[in-house]
Amino acid sequence: MHFAEFKTAGCTPEVFFLPFSGEKPKIRLLYCEIVLGMRQDIVETKQEKLEKLTTAFGTAYPEQCGRTHMTAQAIKCFDALLADGTVVTVAGRVKSLRMMGKIGFAHIEDGSGKVQIFLSEQTTGLDAIKLFADTIEIGDFVEATGKVFLTKKDEKTIDVAAWRVLGKSMRPIPTEHFGLQDEEERLRRRYLDLLSNPETRDIFMKKNRFWQTVRTFLSERGYLEVQTPVLEHIPGGAEAEPFITHHNALDQDFYLRISLELALKRLLVGGYERVFEIGRVFRNEGIDREHLQEFDHMEWYAAYMDMETGMQLVEDMYRAIVRSVAGESLTTEYEGQTIDWSKPFPRVDYFEELAKETGVDLSGEVSVDTLRAELEKRGIKYNKTAGKGRLIDTLYKKTVRQRLIQPCFLVGHPLEVSPLAKIDPKNPNRVLRFQPVACKSELGNGFAELNDPADQRRRFEEQMKLREAGDAEGMMLDEDFLEALEYGMPPACGFGMSERLFAMLLDKSVRETVTFPPMKTNKDA
């Protein structure tokens, strides 16, 4: 395909440098042809091969598979299978292929691993070898039946007596070495990234362990897993701009939830003492290394638990999570630094550290103008409509948080940034709130939960004033939740965390650890 054709097709070619012995590196424009589109001759060739397979087998996409062993199982039981002369059937995608006349080798891969298969005139038959050579390509799915043997190079192999196609690939598969290099395209076509990169597949195996560890940890401690609505009349529990949708049957607009908090607290009112939920939440905010619009989130709430007990629970839970993800280790890597999760998390006082870092003393009167001036002096961008709490939070995130690399608990937050936490009885300017912080990022959020309905109403009203002034992330006043609190909610500790923690443990951006992150389509990219 000529470069002009790439531009006509609206594609962005990617340049691959392929070094060849004795020659200068040759430049191949493969990306658009192989991934974003196909040349007509490739289409025609694949169609011809499909027709041959259909003639030979009746269909190139059969319903049933006769697999008797996963590839890893066949390799693990190799000695016993060899001794008994057992016939096995394996199935998977062709990952490599070397056909040499009357013999041929291929590797096929299933969900457990790869195994080599060998085709020969003596065992497979000349016609079956010829059909394989003429029709099968890297990327196709095949089933192979035969006995195992050991090659001269000591590779465990299946001597194929019979084979058949299970699924014909109608597009060329990017090779593992010269596969998708562009990050945007890897994420947009994640299935190709997964297909080509075992390391990517491993991310989501670890992510499964991550959430299973959380679920097991809480369930073993008496927490009841529940499910609460995704569609809400009033979004609450976090300061974030929501998505809006319309419910046709009820003919009402609903919001996609931004948090799990208020629904779970209603369950405490209803008599449950320990509850948790792992679910998807939606926030209509920007994309960066730590933020996505939809992500998996977990929150737990425990009646009659104080903040100190909650902090110890979180610390224990995080160590269990780190072990499950890091292979029993309690250290991870972040931007070249070793993060040690084994030590007790030290306490970092919000007021003290902000004063030390910026000179802004929140224990006294601090005006909005003072905060704006401090931000401007440091060249920190901020929302012009932001209230005092948002300005304080922005200043903290751009100064204090940048020094918090090793795991710690940020405590003693100012009242203005915590609409749902109890006021510290020792200092009315602070609240009983804690956040595990590491790798320059908040990795969770916990409160001694506010259960005074009159105080909660005042907090909501302050948030509504911010919304009216233009703060789209200010909380809305939720009369139904306030009514629930008026029936009485026990003292409680609550905590929430998202899959951001998992991303930080792997030293990756959040969207790299999501199977199919939201992306612009090609035409808009």
Side-chain angles (χ1 to χ4, degrees), residues 226-267 276-301 382-387 389-391 393-394 397 416-421 433 435 442 444-447 449-450 456-485 494-500 510-511 514 516-520:
V226 298
Q227 293 77 40
T228 60
V230 170
L231 300 179
E232 298 180 324
H233 286 291
I234 301 293
E239 295 179 280
E241 186 173 354
F243 287 91
I244 304 175
T245 188
H246 187 76
H247 195 301
N248 289 338
L250 298 178
D251 193 24
Q252 286 186 323
D253 285 343
F254 278 74
Y255 296 93
L256 301 186
R257 65 185 179 187
I258 58 175
S259 173
L260 312 175
E261 180 165 351
L262 300 190
L264 292 175
K265 285 182 178 179
R266 286 176 172 93
L267 294 179
F276 79 98
E277 180 175 5
I278 299 172
R280 188 60 58 100
V281 299
F282 307 85
R283 299 180 182 179
N284 202 357
E285 56 193 10
I287 297 176
D288 59 30
R289 182 178 174 84
E290 298 182 14
H291 296 87
L292 276 184
Q293 287 68 40
E294 57 173 314
F295 54 93
D296 287 327
H297 190 64
M298 183 284 301
E299 295 188 29
W300 60 253
Y301 292 86
Y382 64 92
N383 188 331
K384 303 299 181 183
T385 64
R390 189 88 62 224
L391 295 173
D393 188 53
T394 300
K397 287 178 178 177
E416 293 88 349
V417 303
S418 309
L420 295 165
R433 178 180 178 184
Q435 289 181 291
E442 292 102 354
N445 198 14
F447 305 139
E449 298 297 338
L450 180 56
Q456 184 63 82
R457 181 178 291 277
R458 286 192 294 270
R459 308 275 193 98
F460 277 157
E461 287 172 349
E462 288 298 319
Q463 288 287 304
M464 288 299 291
K465 291 178 183 178
L466 295 174
R467 287 187 66 82
E468 291 164 5
D471 186 351
E473 295 186 1
M475 289 189 187
M476 299 182 190
L477 193 149
D478 188 335
E479 287 288 358
D480 182 78
F481 177 67
L482 290 171
E483 181 181 315
L485 282 187
F495 179 78
M497 53 166 257
S498 74
E499 56 190 302
R500 179 189 297 172
V510 173
R511 70 176 188 165
V514 172
F516 299 104
M519 305 284 294
K520 281 187 177 182

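These figures come from a predicted structure and were not determined experimentally. By convention here, the first residue in the shown sequence is residue 1.
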Closest non-hydrogen atom pair, [X] against [Y]:
X: Lys265; Y: Leu420; result: NZ-O, 3.8 Å
X: Val417; Y: Arg433; result: O-NH1, 2.8 Å
X: Glu261; Y: Glu449; result: OE2-OE1, 3.3 Å
X: Tyr255; Y: Pro235; result: CD1-CD, 3.4 Å
X: Ala484; Y: Arg266; result: CB-CG, 4.3 Å

[atom2] on [Y] to [atom1] on [X], rounded to 0.5 Å:
X: Leu267; Y: Phe276; atom1: CG; atom2: CZ; result: 13.0 Å
X: Gln227; Y: Ile278; atom1: CD; atom2: CD1; result: 10.0 Å
X: Arg511; Y: His291; atom1: CZ; atom2: NE2; result: 14.5 Å
X: Ile258; Y: Met476; atom1: CD1; atom2: CE; result: 8.0 Å
X: Asp478; Y: Leu262; atom1: CG; atom2: CG; result: 6.0 Å
X: Phe447; Y: Gln435; atom1: CZ; atom2: CD; result: 7.5 Å

Check this for me, if you would: do Glu479 and Arg457 make a salt bridge, where the nitrogen-to-carboxylate-oxygen distance has to be below 4.0 angstrom?
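Arg457 and Glu479: salt-bridged.
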
Would you call Glu232-Arg257 a salt bridge at under 4.0 Å N-O?
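Judged by the 4.0 Å cut-off on N to carboxylate O distance, Glu232 and Arg257 do not form a salt bridge.
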
Among His297, Glu239, Arg283, Glu299, which residue satisfies the side-chain hydrogen bond (donor to acceptor under 3.5 Å, both in side chains) criterion with Ser259?
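Exactly one pass, corresponding to Glu299.
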
Partner of Arg390 under side-chain hydrogen bond (donor to acceptor under 3.5 Å, both in side chains), chosen from Thr385, Asp471, Asn383:
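For Arg390, the side-chain hydrogen bond (donor to acceptor under 3.5 Å, both in side chains) test succeeds with only one of Thr385, Asp471, Asn383, which is Asp471.
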
Are [X] and [Y] side-chain neighbours, meaning at least one heavy-atom pair lies under 4.5 Å?
X: Val514; Y: Glu499; result: yes
X: Leu256; Y: Glu294; result: no
X: Leu482; Y: Leu477; result: yes
X: Ile287; Y: Leu292; result: yes

So, does Gln456 use its side chain to make a donor-acceptor pair with the main chain of Pro419 at under 3.5 Å?
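Checking the backbone N and O of Pro419 against the side chain of Gln456, a donor-acceptor pair under 3.5 Å is found.
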
Kindly say whether Ser418 contributes a backbone atom to a donor-acceptor pair with the side chain of Arg459 at under 3.5 angstrom?
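Yes; judged by distance alone, with no hydrogens or angles, the pair exists.
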
For Met475 and Leu466, what are the C-alpha separation, side-chain angles and deciding distance, and is it a side-chain contact (heavy atoms from CB on, under 4.5 Å)?
CA-CA 9 Å; Met475 289 189 187; Leu466 295 174; over 6 Å; no

Just do the side-chain contact (heavy atoms from CB on, under 4.5 Å) check on Gln293 and Phe243 with the steps written out, would you?
CA-CA 9 Å; Gln293 287 68 40; Phe243 287 91; 3.8 Å; yes

Apply side-chain contact (heavy atoms from CB on, under 4.5 Å) to Met298 and Asp296, showing your working.
CA-CA 7 Å; Met298 183 284 301; Asp296 287 327; over 6 Å; no

Quick one, Lys465 with Glu462, criterion salt bridge (charged side-chain N to carboxylate O under 4.0 Å, His left out). Give me CA distance, side-chain angles, the key distance, then yes/no.
CA-CA 5 Å; Lys465 291 178 183 178; Glu462 288 298 319; 3.5 Å; yes

His233 and Phe254 aromatic centres sub-6.0 Å:
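Yes, the ring centres sit under 6.0 Å apart.
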
Please determine whether side-chain contact (heavy atoms from CB on, under 4.5 Å) holds for the pair Tyr382 and Leu391, giving the CA-CA distance in whole Å, both sets of side-chain angles, and the decisive distance to 0.1 Å.
CA-CA 7 Å; Tyr382 64 92; Leu391 295 173; 3.6 Å; yes

